[in-house]
There are 4 protein chains.
Amino acid sequence: MSRSPVAELPMKADPAPRGRKRERILEAAIRVFARRGYHGARVSDIAAEAGIAYGLVYHYFKNKDELLDTVFEERWGAFLEIVDRIVAGPSPTAEKLRAVAALILFAYRRQPDWVKVLVFEIGRTSRFSEPEQIRTVGRLFQAVARIVRAGQETGELRRDLDAELVCLAFVGALDSMITSQVLGLMQLPDSAGDADAEAVRTVMELFLGGLLARGGS
Amino acid sequence: MSRSPVAELPMKADPAPRGRKRERILEAAIRVFARRGYHGARVSDIAAEAGIAYGLVYHYFKNKDELLDTVFEERWGAFLEIVDRIVAGPSPTAEKLRAVAALILFAYRRQPDWVKVLVFEIGRTSRFSEPEQIRTVGRLFQAVARIVRAGQETGELRRDLDAELVCLAFVGALDSMITSQVLGLMQLPDSAGDADAEAVRTVMELFLGGLLARGGS
Amino acid sequence: MSRSPVAELPMKADPAPRGRKRERILEAAIRVFARRGYHGARVSDIAAEAGIAYGLVYHYFKNKDELLDTVFEERWGAFLEIVDRIVAGPSPTAEKLRAVAALILFAYRRQPDWVKVLVFEIGRTSRFSEPEQIRTVGRLFQAVARIVRAGQETGELRRDLDAELVCLAFVGALDSMITSQVLGLMQLPDSAGDADAEAVRTVMELFLGGLLARGGS
Amino acid sequence: MSRSPVAELPMKADPAPRGRKRERILEAAIRVFARRGYHGARVSDIAAEAGIAYGLVYHYFKNKDELLDTVFEERWGAFLEIVDRIVAGPSPTAEKLRAVAALILFAYRRQPDWVKVLVFEIGRTSRFSEPEQIRTVGRLFQAVARIVRAGQETGELRRDLDAELVCLAFVGALDSMITSQVLGLMQLPDSAGDADAEAVRTVMELFLGGLLARGGS
DNA sequence: CATGAATGAGCGTTCATTCAT
DNA sequence: GATGAATGAACGCTCATTCAT
């Protein structure tokens with residue numbers, strides 16, 4: 001059996017060594033954005049966090065905006081590659097959806113700062129409204145939509161629901177859960193064990209089987 | 001048959017008349033926040049939009065922050081009252097959930113600026129993380145959770161899923177759809193007719209019956 | 001006998017009283033620009049010199065550039081009005097030219113800071129190259145050119161020289177002398193008495209009668 | 001008959017070959033200063049224009065200031081040598097003055113960038129006020145003054161005018177004309193032919209013979 | 001000689017907030 | 001209540017200069 005795709009999402013790696021200043025700046029930016037938000041983050045904070053001189057940030061990046069854009073594009077790109085691999089894989093539709101759900105819901109544990117930035121600063125600022133960013137985020141929806149459409153074609157999934165709307169609901173549900181995690185609100189019954197796993201189970205049961213009680217019981 | 005709860009959400013009303021300066025400032029604030037975001041909105045912009053001197057804003061509100069908070073609390077409170085009435089009503093569980101979904105999904109049409117502010121500036125800034133705001137938003141989840149729990153008790157809904165998680169998924173799905181509307185991305189098959197209604201139908205089918213194709217039917 | 005036009009150029013007036021902040025800022029700007037040059041002048045220097053708060057400068061002027069432009073336009077306009085009155089007056093051509101020469105050469109005594117700014121920051125920065133500023137300065141040449149052309153028509157002045165070139169030479173000569181004054185280089189034989197008057201006499205003798213020794217003497 | 005001194009002013013020469021980095025930097029500096037002004041010119045712009053790494057500029061020059069100073073001294077020195085040769089030559093006074101006028105007025109054609117820098121960045125910044133630069137520029141005045149004084153002694157020129165003031169006027173007139181050229185304002189009647197030659201003729205007629213119409217002719 | 005990464009002081013500008021009228 | 005002049009802390013950005021390689 002192959003490794004779970006979740007495992008491909010790298011853990012917070014060792015900090016970039018001296019000499020790879022550009023990486024250090026990006027990593028510092030994520031930490032500071034996570035801590036104070038984009039607007040609250042001063043460029044000088046980021047430089048201090050990265051342990052480099054103020055002006056060097058402007059050697060590597062045009063301005064503060066480009067820092068956030070770059071963080072977004074590079075990390076999001078890496079994330080999408082994993083999603084694409086899930087989509088292209090051989091698993092049945094339900095398994096693919098479960099893998100995506102797990103990938104997203106486990107992400108916070110692995111890269112909490114990056115997920116915070118994603119949740120609070122990217123999906124949610126008006127600056128996000130710019131077409132390019134929308135398109136980039138849209139690629140996640142496209143990937144999930146491909147899973148759903150394939151499932152509809154094979155007959156695994158019902159065909160009377162619009163795939164795009166289903167995707168919106170699915171990703172929205174996951175987003176909501178991850179936001180709840182970030183805010184520290186997720187108080188799960190099973191918190192002793194594994195809250196994330198419970199969340200994955202719930203979302204899959206819900207989306208696959210629905211809420212309604214089945215006659216048999 | 002009683003009026004749909006959706007109809008209780010007021011349409012963009014006539015602007016407050018001269019003399020009711022406080023109302024005019026709040027309405028102006030919503031428009032400016034919607035247009036430029038909270039950070040991009042200058043107090044002077046809001047005053048200009050309201051047609052008053054900008055020092056006057058500080059007569060009615062302690063500071064810019066309080067403007068956003070007040071907007072949030074007053075409008076959100078009105079919204080919650082409708083939700084609470086749905087919760088307390090006599091309809092079956094499925095109908096209550098449908099009513100909530102419709103209320104949320106139709107809101108953008110009725111109060112686009114307010115919904116934009118809600119979507120971009122409130123659920124999503126790090127400032128939102130403050131406990132009080134979380135609690136306020138949490139009231140929506142509590143209301144929906146009460147519907148779900150009641151349904152589980154009556155046997156209408158299955159009991160093996162945690163009500164809180166179900167709520168998160170449900171509200172998240174709706175949030176995702178409304179965001180998609182705000183961004184102008186919702187391209188529905190049925191766009192000639194009523195995209196919102198189609199969204200409501202999909203989300204209800206999905207959450208009640210699930211995605212899986214049913215063998216027999 | 002009427003007052004000399006030179007006398008119309010106001011002496012450094014009393015500083016603008018409190019309350020006329022805009023004027024105070026402009027006057028302070030001239031002093032600071034004269035002392036440190038446009039680039040060397042910090043906005044905070046100007047505010048301090050004017051005795052007002054930093055940000056107030058931006059209440060009255062869009063930015064530092066607009067300060068220099070405003071200084072230039074307002075003062076230069078006042079100067080041109082005097083020149084225009086000389087042009088329109090009844091004096092013979094030679095007297096008009098002498099009046100202009102005196103106006104310019106005496107200006108430094110009356111408004112040394114303003115003349116310094118004019119000499120170093122306006123006629124001479126590349127930013128001056130912008131069409132609008134050129135046109136404004138050009139109005140001085142136009143005024144002098146009108147005197148010359150009128151003199152050529154009445155037969156007072158020779159007609160074989162292009163009026164525009166004559167103007168350039170005339171104004172250039174005066175500019176050179178005033179610059180020399182500003183730099184503190186003018187070491188005149190008559191320095192005990194009135195160097196400026198001697199400069200006026202020389203420039204008029206030169207331009208009217210030429211350098212060549214006349215046979216008769 | 002000897003070559004005109006004007007011809008000694010070298011045309012824009014071939015760019016310095018690779019390897020003569022110092023020369024290339026100076027030439028690049030002149031071009032960039034001409035294009036953007038001293039303050040607008042970044043050291044990196046100059047290095048890019050010269051095709052070298054910008055750290056190298058600091059091998060050859062102490063700092064940006066020294067670049068301008070060096071440009072000024074070297075080129076100005078070459079220019080002064082020509083002037084000195086005119087002064088020392090055997091021509092009559094009037095011819096010497098005409099030669100100086102021609103040298104200056106034709107310079108823009110031969111070295112437009114250098115003349116732009118001279119006009120806008122050297123005679124005219126407050127930094128120019130430093131004694132050393134004043135002295136250097138003063139050497140031009142001294143040279144012209146020697147011509148004038150010699151003419152007064154031989155009786156060619158009238159003696160009732162102060163030689164220094166005459167020089168100021170003469171050089172100022174030429175400066176004004178050349179500035180007008182640089183700004184693209186010189187609109188001469190004879191523009192089809194040779195505007196510069198017409199300027200030389202006018203300035204000489206003016207300074208030698210004066211503006212006044214002569215009765216007899 | 002040559003490179004360009006690294007440094008950091010310095011400055012223009014914004015804008016929320018206060019307050020005299 | 002109403003106005004908008006006045007205040008000043010805060011921060012992004014530039015760019016001359018240094019220095020390790």
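Chain identifiers are assigned alphabetically (A, B, ...) following the order of the sequence lines, protein sequences preceding nucleic acid strands; residue numbering begins at 1 within each chain. Hydrogens, waters and symmetry mates are skipped; everything else that's a heavy atom, side chains included, is used.
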Using a cut-off of less than 4.0 Å, is there contact between a side-chain N or O of [X] and OP1 or OP2 of [N]?
X       : N      : result
D:Tyr58 : F:dT17 : yes
B:Lys21 : F:dA2  : yes
D:Tyr60 : E:dA2  : yes
C:His59 : F:dA5  : yes

What is the ring orientation for A:Phe79 with A:Trp76, classed by angle as parallel under 30°, tilted 30 to 60°, or perpendicular over 60°?
tilted
Look at the rings of B:His39 and A:His39 and say which category their plane angle falls in: under 30° parallel, 30 to 60° tilted, over 60° perpendicular.
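Ring orientation of B:His39 relative to A:His39: parallel.
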As an exercise, state the distance from NE2 of C:His59 to CZ of C:Arg22, rounded to the nearest 0.5 Å.
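Those atoms lie 12.0 Å apart.
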Nearest nucleotide by nearest heavy atom, which residue falls closer to the 5' end of DNA chain F, A:Val43 or D:Gly55?
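The 5'-side residue here is A:Val43.
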I want to confirm an ordering. Mapping A:Ser44 and B:Val57 to their closest nucleotides on DNA chain F, which one lands closer to the 5' end?
B:Val57
Starting from [atom2] on [N], measure out to [atom1] on [X] and report it in whole angstrom.
X       : N      : atom1 : atom2 : value
C:Lys64 : E:dC11 : NZ    : C1'   : 8 Å
D:Ile52 : E:dT3  : CD1   : P     : 7 Å
B:Phe61 : E:dT18 : CZ    : P     : 16 Å
C:Leu56 : E:dT13 : CG    : C1'   : 14 Å
D:Arg42 : F:dT17 : CZ    : P     : 15 Å
B:His39 : F:dC11 : NE2   : C1'   : 13 Å
A:Glu66 : F:dG12 : CD    : C1'   : 15 Å
A:Ile46 : F:dC11 : CD1   : C1'   : 12 Å

Flag the pair [X] / [Y] as yes when at least one side-chain heavy-atom distance between them is below 4.5 Å, and no otherwise.
X        : Y        : result
A:Tyr38  : A:Leu67  : no
B:Ile52  : B:Val57  : yes
D:Phe120 : D:Leu183 : yes

For the student: nearest non-hydrogen atoms of C:Trp114 and C:Arg75, plus distance
CZ2-CB, 3.2 Å
Considering every strand and a 4.0 Å limit on heavy-atom distances, what is the contact class for A:Ala47: base, sugar-phosphate, or nothing?
nothing
Map C:Gly40 and C:Lys62 onto DNA chain E by nearest heavy atom, then report which one ends up closer to the 5' terminus.
C:Gly40
Once pairs are restricted to Watson-Crick or G-U wobble with both distances under 3.5 Å, how does DNA chain E read as a dot-bracket string, [ ] for crossings and | for other-strand pairs?
.||||||||||||||||||||
Donor-acceptor pair under 3.5 Å, B:Tyr54 side chain vs F:dA6 base:
yes
